[in-house]
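I have placed the structure first, in the form of structure tokens, so that the comments after it can refer back to it.
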Amino acid sequence: MSAFKSHMDLALSEARAAAARGEVPVGAVVIGPDGAILAQAGNRTRELNDPTAHAEILAIRAACEKLDSERLPGCDLYVTLEPCPMCSSAISQSRIARLYYGASDPKSGGVAHGPKVFDHPQSHHKPDVYDGIAAEDCEAILKTFFRDKRP
């Protein structure tokens, strides 16, 4: 068995790029079963005028396109913030094997907070979930962004 390698640094880079675009700084990366980076994205809801253009959704779409598949079995998703209910449902639908996230989101999260989508009886698939990965760095990006937006 190979040693665990976090890819949260790539997700953090996407979050920083999102912040630079004026988007809420959330970044996501999809890693294939072989450890290859399949896709990475940051929030683009404002840029695309699309409320579904969350980092997770964009990364999942790109990874599915790359693999020419509607599912991502065996893949990992790294995201800087606990996924919202919409993204949590997309993660379940795409059959992501493992979800790694940084900052928790008591207000809008859908994994450990709110509707706890993966625990719902209608959830088709529950990934293995690992939270708190680089949490301090993930939280700092968000806190800085919102502090600067709301002086």
**Asked** Which atom pair, heavy atoms only, marks the closest approach of Glu56 to Cys87?
**Response** OE1-SG, 3.5 Å
**Message:** Does Leu38 form a side-chain contact (heavy atoms from CB on, under 4.5 Å) with Cys75? I'd like the steps, not just the answer.
**Reply:** CA-CA 9 Å; Leu38 295 176; Cys75 292; 3.8 Å; yes
**Prompt:** Just by modelled atom types, is the His125 backbone N or O under 3.5 Å from a matching donor or acceptor in the Ser92 side chain?
**Reply:** yes
**Prompt:** Is there a side-chain contact between Tyr101 and Leu77, using heavy atoms and a 4.5 Å cut-off?
**Reply:** no
**Request:** Indicate yes or no for a side-chain donor-acceptor contact from His120 to the backbone of Gln122 under 3.5 Å, with no hydrogens or angles considered.
**Result:** yes
**Request:** Check whether any side-chain heavy atom of Cys64 lies under 4.5 Å from a side-chain heavy atom of Ser69, and answer yes or no.
**Result:** no
**Item:** Whether Asn43 side chain and Thr45 backbone form a donor-acceptor pair below 3.5 Å
**Value:** no
**Item:** Test side-chain contact (heavy atoms from CB on, under 4.5 Å) applied to Glu82 and Leu99, step by step
**Value:** CA-CA 9 Å; Glu82 176 184 347; Leu99 167 65; over 6 Å; no
**Request:** Taking all non-hydrogen atoms of both residues into account, name the closest pair between Cys138 and Ile133 and its distance.
**Result:** SG-O, 4.0 Å
**Prompt:** What's the shortest heavy-atom distance between Lys66 and Ile37, and which atoms?
**Reply:** NZ-O, 3.8 Å
**Message:** Quick check: is Val26 connected to Phe145 through a chain of hydrophobic side chains (ILVMFWY, heavy atoms under 4.5 Å apart)?
**Reply:** yes
**Item:** Distance (rounded to the nearest 0.5 Å) between Arg16 CZ and Glu14 CD
**Value:** 11.0 Å
**Request:** Consider only side-chain heavy atoms of I, L, V, M, F, W and Y, link residues closer than 4.5 Å, and tell whether Val29 and Met8 are in one cluster.
**Result:** yes
**Prompt:** Can Asp119 and Lys126 be counted as an ion pair, charged N to O under 4.0 angstrom?
**Reply:** yes
**Prompt:** Looking only at atom types and distance, does a side-chain atom of Arg21 sit under 3.5 Å from a main-chain N or O of Arg46, one as donor and one as acceptor?
**Reply:** no
**Request:** Examine distances only and state if a side-chain atom of Ser88 and a backbone atom of Cys84 form a donor-acceptor pair shorter than 3.5 Å.
**Result:** yes
**Asked** Would a hydrophobic clustering, with Ile, Leu, Val, Met, Phe, Trp and Tyr connected at side-chain separations under 4.5 Å, put Met86 with Val24?
**Response** no
**Request:** Compare every heavy atom of Ala41 with every heavy atom of Ala59, then report the nearest pair and how far apart it is.
**Result:** N-CB, 3.8 Å
**Prompt:** Is Asp128 reaching over with its side chain to a backbone N or O of Arg98, donor-acceptor style, under 3.5 angstrom?
**Reply:** no
**Request:** Using atom types as modelled and distance alone, determine if a side-chain donor or acceptor of Glu70 lies under 3.5 Å from a backbone N or O of Ser94.
**Result:** no
**Asked** Ignoring hydrogens and geometry, is there a side-chain-to-backbone donor-acceptor pair from Gln40 to Val30 under 3.5 Å?
**Response** no
**Message:** Are the side chains of Ile91 and Phe118 in contact, using a 4.5 Å heavy-atom criterion?
**Reply:** yes
**Prompt:** If you look at every heavy atom in Leu72 and Leu67, which pair is closest and at what distance?
**Reply:** CD2-CD1, 3.7 Å
**Prompt:** Please walk me through it: do Leu142 and Thr144 pass side-chain contact (heavy atoms from CB on, under 4.5 Å)?
**Reply:** CA-CA 5 Å; Leu142 288 159; Thr144 299; over 6 Å; no
**Message:** Do Ile96 and Ile57 sit in one hydrophobic cluster, given that two such residues count as connected whenever their side-chain heavy atoms are within less than 4.5 Å of each other, even indirectly?
**Reply:** no
**Complete:** Taking every heavy atom of Leu12 against every heavy atom of Ala134, the minimum-distance pair comes out as CD1-CB, 4.4 Å
**Prompt:** Do the rings of Tyr78 and His7 sit parallel, tilted or perpendicular, given the 30° and 60° boundaries?
**Reply:** perpendicular
**Prompt:** Any salt bridge between Arg44 and Glu23, counting N to O under 4.0 Å?
**Reply:** no
**Asked** Thr80 versus Pro25: any side-chain heavy-atom pair under 4.5 Å?
**Response** no
**Same cluster (ILVMFWY, side-chain, under 4.5 Å), Phe146 and Val79** = yes
**Request:** Using a cut-off of 6.0 Å, state whether more than 12 heavy atoms not belonging to Glu65 lie near its atom CD.
**Result:** no
